[in-house]
Amino acid sequence: MSKTILYRLIDRNGQTYCSAIKGTIGGHSGLKIYGRLDCPSAQRYLAKGLYSRYRVFFADEATAVAAGYRPCAICMREKYLIWKNNKSR
(Lines give C-alpha, C1' and ligand atoms only; values in the text may rest on other atoms or scores of the structure.)
Protein backbone atom coordinates (compact mmCIF):
# COMPACT_ATOMS: atom_id res chain seq x y z
CA MET A 1 0.00 0.00 0.00
CA SER A 2 1.49 3.36 -0.99
CA LYS A 3 1.17 6.32 1.33
CA THR A 4 0.34 9.77 0.08
CA ILE A 5 3.01 12.27 1.02
CA LEU A 6 1.58 15.43 2.53
CA TYR A 7 3.40 18.75 2.56
CA ARG A 8 2.82 21.52 5.08
CA LEU A 9 2.08 24.78 3.29
CA ILE A 10 1.04 28.26 4.41
CA ASP A 11 -2.18 29.75 3.03
CA ARG A 12 -2.98 33.40 2.25
CA ASN A 13 -4.08 33.95 5.86
CA GLY A 14 -0.78 32.64 7.23
CA GLN A 15 -2.34 29.37 8.41
CA THR A 16 -0.66 26.00 7.95
CA TYR A 17 -2.43 23.28 5.95
CA CYS A 18 -1.51 19.91 4.47
CA SER A 19 -1.37 19.38 0.72
CA ALA A 20 -0.52 16.48 -1.56
CA ILE A 21 1.08 19.07 -3.87
CA LYS A 22 4.56 20.30 -3.01
CA GLY A 23 5.08 24.04 -2.54
CA THR A 24 6.81 26.04 -5.28
CA ILE A 25 8.03 28.91 -3.08
CA GLY A 26 10.01 28.76 0.17
CA GLY A 27 10.10 31.32 2.94
CA HIS A 28 11.41 32.34 6.35
CA SER A 29 8.58 32.74 8.87
CA GLY A 30 10.55 34.99 11.21
CA LEU A 31 11.75 37.44 8.58
CA LYS A 32 8.59 37.15 6.42
CA ILE A 33 10.68 36.65 3.25
CA TYR A 34 9.85 34.34 0.34
CA GLY A 35 11.98 33.13 -2.53
CA ARG A 36 12.89 30.35 -4.91
CA LEU A 37 13.45 26.88 -3.50
CA ASP A 38 17.00 26.97 -4.89
CA CYS A 39 17.86 30.37 -3.38
CA PRO A 40 21.63 30.42 -2.70
CA SER A 41 21.19 32.41 0.51
CA ALA A 42 18.58 30.04 1.91
CA GLN A 43 20.68 27.04 0.86
CA ARG A 44 23.71 28.38 2.78
CA TYR A 45 21.70 28.89 5.96
CA LEU A 46 19.97 25.51 5.63
CA ALA A 47 23.39 23.83 5.26
CA LYS A 48 24.50 25.46 8.53
CA GLY A 49 21.33 24.27 10.28
CA LEU A 50 20.31 27.85 11.05
CA TYR A 51 17.19 28.15 8.94
CA SER A 52 15.17 24.95 9.01
CA ARG A 53 13.01 25.76 12.04
CA TYR A 54 11.75 28.93 10.29
CA ARG A 55 11.32 27.37 6.84
CA VAL A 56 7.83 27.54 5.37
CA PHE A 57 6.41 26.75 1.95
CA PHE A 58 3.75 28.27 -0.28
CA ALA A 59 1.80 26.88 -3.21
CA ASP A 60 2.75 29.95 -5.28
CA GLU A 61 4.09 33.48 -5.12
CA ALA A 62 0.66 35.12 -4.93
CA THR A 63 -0.08 33.17 -1.76
CA ALA A 64 3.21 34.26 -0.17
CA VAL A 65 2.46 37.91 -0.94
CA ALA A 66 -1.11 37.60 0.39
CA ALA A 67 0.28 36.08 3.61
CA GLY A 68 2.39 39.22 4.11
CA TYR A 69 5.79 38.00 2.93
CA ARG A 70 8.21 40.06 0.81
CA PRO A 71 10.50 38.89 -2.01
CA CYS A 72 14.05 37.77 -1.24
CA ALA A 73 16.70 40.36 -2.12
CA ILE A 74 19.06 37.62 -3.34
CA CYS A 75 17.09 35.22 -5.55
CA MET A 76 14.24 37.56 -6.52
CA ARG A 77 16.22 40.79 -6.86
CA GLU A 78 13.97 42.55 -9.40
CA LYS A 79 10.79 41.83 -7.44
CA TYR A 80 12.52 42.85 -4.21
CA LEU A 81 13.53 46.22 -5.70
CA ILE A 82 9.95 46.83 -6.87
CA TRP A 83 8.67 45.89 -3.40
CA LYS A 84 11.23 48.15 -1.72
CA ASN A 85 10.39 51.08 -4.03
CA ASN A 86 6.64 50.69 -3.38
CA LYS A 87 7.21 50.38 0.38
CA SER A 88 9.10 53.66 0.59
CA ARG A 89 6.25 55.66 -0.94
Side chains of residues 37-50: which donor-acceptor partners sit under 3.5 Å, not counting sequence neighbours?
from: Asp38; atom 1: OD1; to: Arg36; atom 2: NE; distance (Å): 2.7
from: Asp38; atom 1: OD1; to: Arg36; atom 2: NH2; distance (Å): 3.3
from: Gln43; atom 1: NE2; to: Leu37; atom 2: O; distance (Å): 2.8

Fill in the blank from the handout: When rounded to the nearest 0.5 Å, the distance separating CG of Leu9 from CD1 of Ile25 is 11.5 Å
Problem - Minimal non-hydrogen separation, Tyr69 against His28, with atom names - result: CE2-O, 3.4 Å
Exercise for the section: Return the minimal non-hydrogen interatomic distance between Thr4 and Ala20, and the atom names on each side. Expected result: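 So the minimum-distance heavy-atom pair works out to CG2-CB, 4.1 Å.
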Problem - Connected via hydrophobic side-chain network under 4.5 Å: Met76 and Ile10 - result: yes
Problem - Exceeds 12 heavy-atom contacts within 6.0 angstrom, atom NZ of Lys22 - result: no
Exercise for the section: Pick out which of Pro71, Cys72, Cys75 makes a side-chain contact (heavy atoms from CB on, under 4.5 Å) with Tyr80. Expected result: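 Testing each of Pro71, Cys72, Cys75 against Tyr80, the sole residue satisfying side-chain contact (heavy atoms from CB on, under 4.5 Å) is Pro71.
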Practice task
Could you tell me whether a side-chain N or O of Asp11 sits under 3.5 Å from a main-chain N or O of Asn13, the two making a donor and an acceptor?
Solution key: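 Yes; judged by distance alone, with no hydrogens or angles, the pair exists.
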Problem - Which residues share a side-chain contact (heavy atoms from CB on, under 4.5 Å) with Ile82, sequence neighbours left out - result: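 In terms of side-chain contact (heavy atoms from CB on, under 4.5 Å), with neighbours along the sequence ignored, Ile82 is linked to Asn86.
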Could you list the donor-acceptor pairs under 3.5 angstrom formed by side chains in residues 52-68, with sequence neighbours left out?
from: Arg55; atom 1: NH1; to: Tyr51; atom 2: OH; distance (Å): 3.4
from: Asp60; atom 1: OD1; to: Ala62; atom 2: N; distance (Å): 3.4
from: Asp60; atom 1: OD1; to: Thr63; atom 2: N; distance (Å): 2.8
from: Asp60; atom 1: OD1; to: Thr63; atom 2: OG1; distance (Å): 2.6
from: Glu61; atom 1: OE1; to: Lys79; atom 2: NZ; distance (Å): 2.7
from: Glu61; atom 1: OE2; to: Tyr34; atom 2: OH; distance (Å): 2.7
from: Glu61; atom 1: OE2; to: Lys79; atom 2: NZ; distance (Å): 3.2

